[in-house]
Amino acid sequence: MPQYTIKKLENTEIASIYDTYMRRDFPADELKPLSHILKSMEEGYGFSLGLYEEEKLAGYAVFILCEETKCALLDYFAILSDRRGEGLGHRAFLLFGTYFKENLPQVAGLYIESERTAAAENEKQRLTRERRIAFYQSCGCEMTNLRAVLFGVDYSVLYMRMGNPAQGAFLEALDALYRRMFKPEHYAKFVSLTEENDDNH
């Protein structure tokens, strides 16, 4: 039985992953410049984790922290393309939960952005988005009524409860996190966070 572990990544490691995998795994309009990811890590509000089978990378994730509101955001997450379909996504989420519990017990919950099904351009895209949301829900994430539009990309927001007592998802908490992530002029122009009253996810 393979042994899987989570390891916090150094700047050089995430830079290599960015060039080798992230450019392939994420659409150009969703991928921040590497300099932004490294800056968040250098300033202490961002960090990256690698999922390893023995010594071999199998997946990776980039997180943003907001200590003031005791929450975190899953900024990027992917299993390497040749390892997909093995159930490693669920395994990674279990290990993420353990990592947060052991290293960041103050974090009450994790926000996850997933492209809105209602904004899909065609049936194929809608089904892909539905599957992605269903995956997060199967990992213990709850759909919220929050909607984020970031640099033109329309997202539903899910929430994974952590911490004790578990804190619910709040617009104010995620808004504070976005203000940490983006320059004021970019936040004002390219970030919209609202609460939706319907089920159009």
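We use all heavy atoms of the structure for the numbers below, so side chains are in, but hydrogens, waters and symmetry mates are not. Because the structure is a prediction, the values reported are computed rather than measured.
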About how many Å separate CG of Asp75 and CD of Glu113, when rounded to the nearest 0.5 Å? 6.5 Å
Taken to the nearest 0.5 Å, the spacing of Gln106 CD from Phe100 CZ works out to 9.0 Å
Shortest non-hydrogen contact from Cys141 toward Ile112: SG-CD1, 3.5 Å
If you draw a 6.0 Å radius around CD in Glu67, do more than 12 non-hydrogen atoms from other residues or ligands fall strictly inside? no
Same apolar cluster: Val149 and Leu31, side chain cutoff 4.5 Å: no
Could you go through residues 81-95 and list every donor-acceptor pair under 3.5 Å that involves a side-chain atom there, pairing it with any protein atom two or more places apart or in another chain?
unit_1 : atom_1 : unit_2 : atom_2 : d
Arg83  : NE     : Glu86  : OE1    : 3.3
Arg83  : NE     : Glu86  : OE2    : 3.0
Arg83  : NH1    : Glu53  : OE1    : 2.8
Arg83  : NH2    : Tyr4   : OH     : 3.1
Arg83  : NH2    : Glu53  : OE1    : 2.8
Arg83  : NH2    : Glu86  : OE1    : 2.8
Arg84  : NE     : Ile79  : O      : 2.7
Arg84  : NH2    : Asp25  : OD1    : 3.0
Arg84  : NH2    : Ile79  : O      : 3.0
His90  : NE2    : Ser138 : OG     : 2.6

Hey, is the main chain of Glu13 close enough, under 3.5 Å, to the side chain of Ser16 for a donor-acceptor pair? no
Taking the six-membered ring for Trp and the single ring otherwise, decide whether the centroids of Phe63 and Phe96 are under 6.0 Å apart. yes
Side chain to side chain contact (heavy atoms under 4.5 Å, CB included) evaluation trace for Arg116 with Arg147: CA-CA 8 Å; Arg116 275 165 59 86; Arg147 175 188 181 184; 3.5 Å; yes
Is there side-chain contact between Val191 and Arg179, with at least one heavy-atom pair below 4.5 Å? no
Give the cluster check for Leu74 versus Val62: same hydrophobic cluster or not, with ILVMFWY residues linked at side-chain heavy-atom distances below 4.5 Å. no
Backbone N or O of Glu115 within a donor-acceptor pair of the Arg129 side chain at under 3.5 Å? no
Only pairs at least two apart or in different chains count here, so list each ring pair (Phe, Tyr, Trp, His ring centres under 6.0 Å) that has a residue in residues 12-46. Phe26-Tyr76
Crowded around Glu130 CD? As in, over 12 foreign heavy atoms under 6.0 Å? yes
Below 4.0 angstrom, N of the basic side chain to O of the carboxylate: do Arg161 and Glu142 qualify? yes
Write down the atom of Gly50, the atom of Leu9, and the distance for their closest heavy-atom approach. N-CG, 3.6 Å
Decide yes or no for Met160 and Cys139: does some side-chain heavy atom of the first lie under 4.5 Å from some side-chain heavy atom of the second? no
Any chance you could lay out the side chain to side chain contact (heavy atoms under 4.5 Å, CB included) test for Tyr60 and Met22, step after step, and finish with the verdict? CA-CA 9 Å; Tyr60 60 87; Met22 292 181 73; 3.4 Å; yes
Single-linkage hydrophobic cluster Ile37~Phe190, side-chain heavy atoms < 4.5 angstrom: no
Where Gly109 and Tyr159 come nearest, the two heavy atoms and their spacing: CA-OH, 3.2 Å
Same cluster for Leu150 and Tyr111 if Ile/Leu/Val/Met/Phe/Trp/Tyr side chains link at under 4.5 Å? yes
Report the C-alpha separation of Ile14 and Met41 in whole Å, then their side-chain angles, then the decisive distance to 0.1 Å, and conclude whether the side chain to side chain contact (heavy atoms under 4.5 Å, CB included) test is met. CA-CA 10 Å; Ile14 194 62; Met41 292 169 67; 3.7 Å; yes
Met143 and Ser156, any side-chain heavy atoms less than 4.5 Å apart: yes
So does Glu185 have more than 12 non-hydrogen atoms from other groups sitting under 6.0 Å from CD? yes
Quick one: are Leu110 and Cys71 in side-chain contact, heavy atoms under 4.5 Å? no
Checking Tyr155 against Ser114 for the side chain to side chain contact (heavy atoms under 4.5 Å, CB included) test, could you report, in this order, the C-alpha distance in whole Å, the side-chain angles of both residues, the deciding distance, and whether it holds? CA-CA 5 Å; Tyr155 296 101; Ser114 194; 5.6 Å; no
Can you tell if the side chain of Lys8 reaches within under 4.5 Å of the side chain of Leu49, non-hydrogen atoms only? yes
Side-chain contact, heavy-atom cut-off 4.5 Å: Leu65 with Val107? yes
Got a second to check how far Asp19's CG is from Arg23's CZ, nearest 0.5 Å? 5.0 Å
Do Leu146 and Glu196 come close enough that some side-chain heavy atom pair is under 4.5 Å? no
Verify the cluster assignment for Leu34 and Leu57: are they in a single hydrophobic cluster under the rule of side-chain heavy atoms below 4.5 Å apart? yes
Hey, is CD on Glu121 packed in by over 12 heavy atoms from elsewhere, all under 6.0 Å? no
Would you indicate whether the side-chain heavy atoms of Tyr187 and Arg180 approach each other to under 4.5 Å? no
When you measure from the side chain of Asp175 to the backbone of Leu171, do you find a donor-acceptor pair of N or O atoms at a distance under 3.5 Å? no
For Gln3, I'd like to know if atom CD has over 12 heavy atoms of other residues, nucleotides or ligands within 6.0 Å. no
